[in-house]
Structure formats: C-alpha cells, structure tokens
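Along the sequence shown, residues are numbered consecutively beginning with 1.
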Amino acid sequence: PTIATVTGDDYINLAESATGFTLTGSGEIGATLSLAFGSGRTLTAGNSVVVDGNGNWTLAVTSADVTAFGAGTETIIATQLDLQGNTSTSRTKTITVDTVAPGASVTTATLAQSNNASAQSTETGTAYLVSTSVTVNSLADITSAADALWNQTGISVANSNTNLALTGLNAGTYRLY
C-alpha cells in the first residue's frame, strides 16, 4: 500500500488541525488497509478501510484525532490484507504536527532614532512588520498593502536578533508577524 502526502506537505498546521483532513493512498483492489499510529491513536473513523475498485483508499482525520497525536512527529504505518489472506509489507510515513504559531517580538524603535528595528522569532522563516492600520488575515493581506505600511526580513536563526529595516515606512504603530 501507499500513503499519499498528507495535507500537501506532511505538516499539520493549526488550521488543518481545526478542520481535520483526509488521509489517502492506494492499494490492492478489495484489500483491507489498516493504519497504525505511533501515538497508538484509533481514528474517530476507525483505522481500517477497504481499497476501492480504482485502487484508492481514504480515511478521515478529525480535530480530536490530531489533538490525540500531540505535537511533534507522528508515524503512520499502513498494511493491507488481500482477499486471499496475504498481508503486505508495511509502509511508513512520518508527519509533523505543529499547531503552535511562532512567537515573535520586535524592539521599540523610532524612525527618527534608527533606521532598523531588531526582530526575533522562535522559528526560522520570514518576519513581517506591518502597520496596525492593515487588517491581516493572510499573507496576501500584508503583501497587497502599500509598501510604506510593511516590510519583511528573513529570520535565519531562531531566538536571535535580526535587523529589520524601517526606512520607507510611514510613522505609526506596527505589529510583527
């Protein structure tokens, strides 16, 4: 049997955790596919499914299932029992559950005093300094705002100060994302 990539990247974020998602894969037509989880979780929908006539299978994962997995890595092991009673070799996939948003902070800086602020995050990636006049629900909200209302910097080392340019930004109050 196979287990397809979960949620597009094998990472379960807060939004995916809240709504649940579907595990999918392929196997021998008519075989019973069984999943086992490193956490010992039995899915709300059960851990077994019959592979359909196209050789595919699906199993729903609920928010409660993700909570039971806990934070960090979760191992999924798939085996199948065909109609003749033969058990397949197992296949394993590891996913990561990360439902905690990274922490971020920025030092207080006044444009007249400095051309930079110091940004810090608990994770690596991109930090965005955005005017509180911008309503932020997604990255597109930030990047479609006027240039004078936001700036970004790459955070290459977690929990360390990174310079974030203030030049070109309007005066006002800003939040770090």
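Going from atom CG of L23 over to atom CD1 of I95 covers 7.0 Å, rounded to the nearest 0.5 Å. Here the CG atom belonging to D52 is positioned 7.5 Å from the CD1 atom belonging to I29, to the nearest 0.5 angstrom. Atom CZ of R175 sits about 11.0 Å away from atom CD1 of I142, to the nearest 0.5 Å. Between the CG atom in L169 and the OG atom in S131 there is a gap of 9.0 Å [rounded to 0.5 Å]. Once rounded to the nearest 0.5 Å, the distance linking CG of L83 with OG1 of T32 reads 7.5 Å. Taking CG of D10 as the start and OG1 of T94 as the end, the distance is 8.5 Å to the nearest 0.5 Å.
Remark: the backbone N or O of T44 is paired with a side-chain donor or acceptor of D65 at under 3.5 angstrom. Looking at N161, its side chain never comes within 3.5 Å of a backbone N or O of S118 through a donor-acceptor pair. Looking only at distances, a side-chain donor or acceptor of N47 sits under 3.5 Å from a matching main-chain atom of R41. In this structure, the side chain of E74 engages the main chain of S39 through a donor-acceptor pair within 3.5 Å. Between the side chain of E28 and the backbone N or O of Q80 there is no donor-acceptor pair closer than 3.5 Å. Between the side chain of N54 and the backbone N or O of N56 there is no donor-acceptor pair closer than 3.5 Å.
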Evaluation steps, side-chain hydrogen bond (donor to acceptor under 3.5 Å, both in side chains), between T153 and T162: CA-CA 8 Å; T153 189; T162 301; 5.9 Å; no
Criterion side-chain contact (heavy atoms from CB on, under 4.5 Å) on T7 and N13, from CA distance to verdict: CA-CA 9 Å; T7 65; N13 63 33; over 6 Å; no
Derivation and outcome, side-chain contact (heavy atoms from CB on, under 4.5 Å), residues S138 and D141: CA-CA 5 Å; S138 69; D141 295 332; 3.6 Å; yes
side-chain hydrogen bond (donor to acceptor under 3.5 Å, both in side chains) between T24 and T58, intermediate numbers included: CA-CA 4 Å; T24 61; T58 63; over 6 Å; no
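Counting all heavy atoms, side chain and backbone alike, R91 lies closest to I3 at O-CD1, 4.0 Å. Residues V51 and G27 approach most closely at CG1-O, 3.6 Å, considering heavy atoms. Nearest heavy atom pair, residue S156 against residue T124, reads O-CG2, 3.4 Å. Here the closest non-hydrogen pair linking L59 and A45 is CD2-O, 4.5 Å. The two residues S63 and A18 come nearest to each other via the heavy atoms CB-O, 3.7 Å. Closest approach of N151 and A165 over heavy atoms only: ND2-O, 2.9 Å.
With contacts defined as side-chain heavy-atom distances shorter than 4.5 Å, the pair L164/Y128 does not qualify. Side-chain contact between W150 and V134 is absent, with no heavy-atom pair separated by less than 4.5 Å. Counting only heavy atoms from C-beta outward, the side chains of L149 and S133 approach each other to under 4.5 Å. L81 places none of its side-chain heavy atoms less than 4.5 Å from the side chain of T79. At least one side-chain heavy atom of V61 sits less than 4.5 Å from a side-chain heavy atom of F69.
Transitive grouping of hydrophobic side chains (ILVMFWY, heavy atoms separated by less than 4.5 Å) keeps I155 and V136 in distinct clusters. Linking ILVMFWY side-chain heavy atoms closer than 4.5 Å, directly or via other members, places L139 and V130 in a single hydrophobic cluster.
A donor-acceptor contact under 3.5 angstrom links the side chains of T2 and S26, judged on distance only. Using modelled atom types, one finds no donor on one side chain facing an acceptor on the other under 3.5 Å when comparing S17 with T99.
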